[in-house]
Amino acid sequence: MTYSKIAGTGRYLPEKILTNFDLEKIVDTTDEWIRTRTGVERRHVCADDETTSDMCVAAAKEAMESAGVTADEIDMVVIGTTSPDLIFPNIATLVQHRLGIPACPCIGMEAACTGFIYALSTADKYIKASEASCVLVIGAECITKLVDWSDRNTCVLFGDGAGAVIVKPSDEPGIMSCHLGADGQYKDLLYYPVGASNKLEKAGTDEAAIMMSGRDVFKVAVSTLGDVASDTLNAAGIDKEELDWLIPHQANIRIIQATAKRLDLPMEKVILTVQDHGNTSAASVPLALDTAVRDGRVKRGQLVLMEAFGGGFTWGSVLMRF
Ligand code: COA
């Protein structure tokens with residue numbers, strides 16, 4: 001059987017850093033409130049002329065270098081993002097062209113904060129079907145450009161960034177199982193109210209900003225992330241004690257702690273980057289993965305569970321031997 005395996009990882013974070021103390025000067029908030037309610041201490045913010053594809057290209061170059069692959073070897077690009085440069089062409093085509101990747105399937109996937117998990121699961125299927133042999137998978141988000149910077153309920157939460165992986169076939173696992181889900185009945189709890197065919201005239205006005213019912217999102221996120229983690233482990237016949245690392249979506253430290261508790265997993269086994277990056281949506285999981293790979297915590301052969309949850313709601317998990 002052919003498995004797919006992550007052959008290399010990379011990341012990019014914009015140069016500009018906004019701390020909680022910087023936010024105290026913009027909205028009625030405090031560093032203490034933000035830290036205790038969310039765990040966030042700072043976040044990176046794109047420059048005015050910096051785009052999601054700029055971040056994708058930088059993260060991809062790191063991942064390609066760490067995997068030892070060149071652009072001409074890549075035969076598929078899948079990018080999860082809700083903040084693409086353009087409505088079309090899709091972001092994967094922009095990144096393909098800028099990296100000099102030959103003609104191949106290029107897919108932009110929109111699943112809010114679950115975008116990377118959806119993209120990685122797609123790459124896994126193409127590799128297992130022998131329809132791709134070297135896939136560039138990216139989760140990237142320039143979400144601060146969708147935020148209302150006068151709304152303290154949301155602006156303190158988010159940050160920008162991109163994380164990339166190269167996925168290749170392998171005789172041994174690799175990705176062991178992927179679980180994806182979504183339930184559109186929750187569409188009004190977390191959304192952006194402007195689209196190509198809906199209220200486009202409001203783009204650039206105060207009405208175009210992330211809308212969120214924080215407490216409701218919190219509750220559904222905790223129960224869904226706990227359930228998807230348990231379901232994934234059960235389906236793979238893996239006991240939770242066998243897990244080396246949980247890499248959860250970095251939305252809020254309290255959601256992460258509650259998920260770890262439901263799994264009886266000590267926080268020492270959880271990769272945390274929310275303090276440094278904030279909620280980077282689709283970029284959150286690959287940014288955390290790359291951080292932990294490069295600082296030596298996540299090692300080859302270890303059992304890693306990645307999971308995410310976002311607007312829709314969408315959710316998903318990937319269990320793998322790194
Ligand atoms: N600074 C100071 N006070 C703030 C604030 C801020 N940045 N944001 C909100 N508040 C205030 C509220 O106005 C409210 O005041 P009130 O009681 O006078 O009305 C008070 O803090 C409590 O608000 P509440 O919504 O109960 O706080 P909370 O403990 O639920 O925390 C969130 C708010 C947003 C941090 C929390 O609900 C959350 O993390 N939700 C999930 C969000 C998320 O992860 N979204 C992305 C999912 S992918």
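Both ligands and their constituent atoms are indexed starting at 1 by order of listing.
- Surrounding CG of D171 are at most 12 heavy atoms belonging to other residues, nucleotides or ligands under 6.0 Å away.
- Closer than 4.0 Å to atom 18 (O) of ligand 1 lies none of the heavy atoms of the protein.
- Within the listing of ligand 1, atoms 38 (C), 39 (O), 40 (N), 41 (C) sit less than 4.0 angstrom from a heavy atom of F218.
- In summary, R37 and E32 do not engage in a salt bridge, as defined by a charged side-chain N under 4.0 Å from a carboxylate O.
- For atom 10 (N) of ligand 1, the closest non-hydrogen atom on the protein side is W33 CZ2, 3.4 Å.
- The closest protein non-hydrogen atom to atom 25 (O) of ligand 1 is R215 NE, 3.6 Å.
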From CA spacing to verdict: side-chain contact (heavy atoms from CB on, under 4.5 Å), I6, L289: CA-CA 11 Å; I6 291 182; L289 172 67; 3.9 Å; yes
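- Atom 46 (C) of ligand 1 has N279 ND2, 3.5 Å as its closest protein atom, hydrogens excluded (heavy atom only).
- Residue contacts with ligand 1 leave out I34, since none of its heavy atoms falls under 4.0 Å from the ligand.
- Between A251, S281, G214, G311, it is G214 that holds the heavy atom closest to atom 37 (O) of ligand 1.
- Side-chain contact, S317 with H179: no donor N or O sits under 3.5 Å from an acceptor N or O.
- Within a 4.0 Å radius of atom 32 (C) of ligand 1, the protein contributes no heavy atom.
- The closest side-chain donor-acceptor pair between S121 and K125 falls under 3.5 angstrom.
- For ligand 1 and F309, the ligand atoms under 4.0 Å from any heavy atom of the residue are 48 (S).
- The existence of a salt bridge linking D22 and R42 is excluded, since no basic side-chain nitrogen approaches an acidic carboxylate oxygen closer than 4.0 Å.
- Among V77, T70, T93, the one residue that satisfies the side chain to side chain contact (heavy atoms under 4.5 Å, CB included) test with I101 is V77.
- Contact annotation: A221 has no heavy atom less than 4.0 Å from any atom of ligand 1.
- For ligand 1 and V156, the ligand atoms under 4.0 Å from any heavy atom of the residue are 7 (N).
- Looking only at protein heavy atoms, the nearest one to atom 35 (C) of ligand 1 is T38 CG2, 3.7 Å.
- A donor-acceptor pair shorter than 3.5 Å can be found between the side chains of W245 and Q302.
- Protein heavy atom at the shortest distance from atom 36 (C) of ligand 1 is R254 NH2, 4.0 Å.
- R98 has a carboxylate O that lies under 4.0 Å from a charged side-chain N of D54, or vice versa, which qualifies the two as a salt bridge.
- Residue-level proximity to ligand 1 for I255 is carried by the side chain, the only part with a heavy atom below 4.0 angstrom.
- Residue R300 places its CZ atom among more than 12 non-hydrogen atoms of other residues, nucleotides or ligands, all under 6.0 Å distant.
- Numbered from 1 in the order shown, with element, the atoms of ligand 1 that lie under 4.0 Å from a heavy atom of C113 read 48 (S).
- Between H277 and H44, the ring-plane angle classifies as perpendicular under the 30° and 60° cut-offs.
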Side chain to side chain donor-acceptor pair (under 3.5 Å) between S83 and E141, intermediate numbers included: CA-CA 6 Å; S83 45; E141 216 77 76; 2.8 Å; yes
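- Summarising the contacts of atom 38 (C) of ligand 1 with T36, N252, D151, the nearest heavy atom is found in N252.
- For the pair T30 and ligand 1, the shortest N or O to N or O distance does not fall below 3.5 Å.
- Here T29 has heavy atoms under 4.0 Å from ligand 1 in both its backbone and its side chain.
- Ligand-side atoms of ligand 1 in range of H249: 48 (S), range being under 4.0 angstrom from any heavy atom.
- Of the protein's non-hydrogen atoms, R37 NH1, 3.1 Å is the one closest to atom 27 (O) of ligand 1.
- Considering R152, E32, M212 only, the shortest heavy-atom separation from atom 42 (C) of ligand 1 involves M212.
- A donor and an acceptor atom, one from each side chain of N252 and T38, are nowhere located under 3.5 Å apart.
- Counting protein heavy atoms under 4.0 angstrom from atom 14 (C) of ligand 1 gives zero.
- Side-chain contact annotation: T154 with D151, donor-acceptor N/O pair under 3.5 Å present.
- In this structure, the protein non-hydrogen atom closest to atom 47 (C) of ligand 1 is V217 CG1, 3.7 Å.
- The closest protein non-hydrogen atom to atom 9 (C) of ligand 1 is N153 OD1, 3.1 Å.
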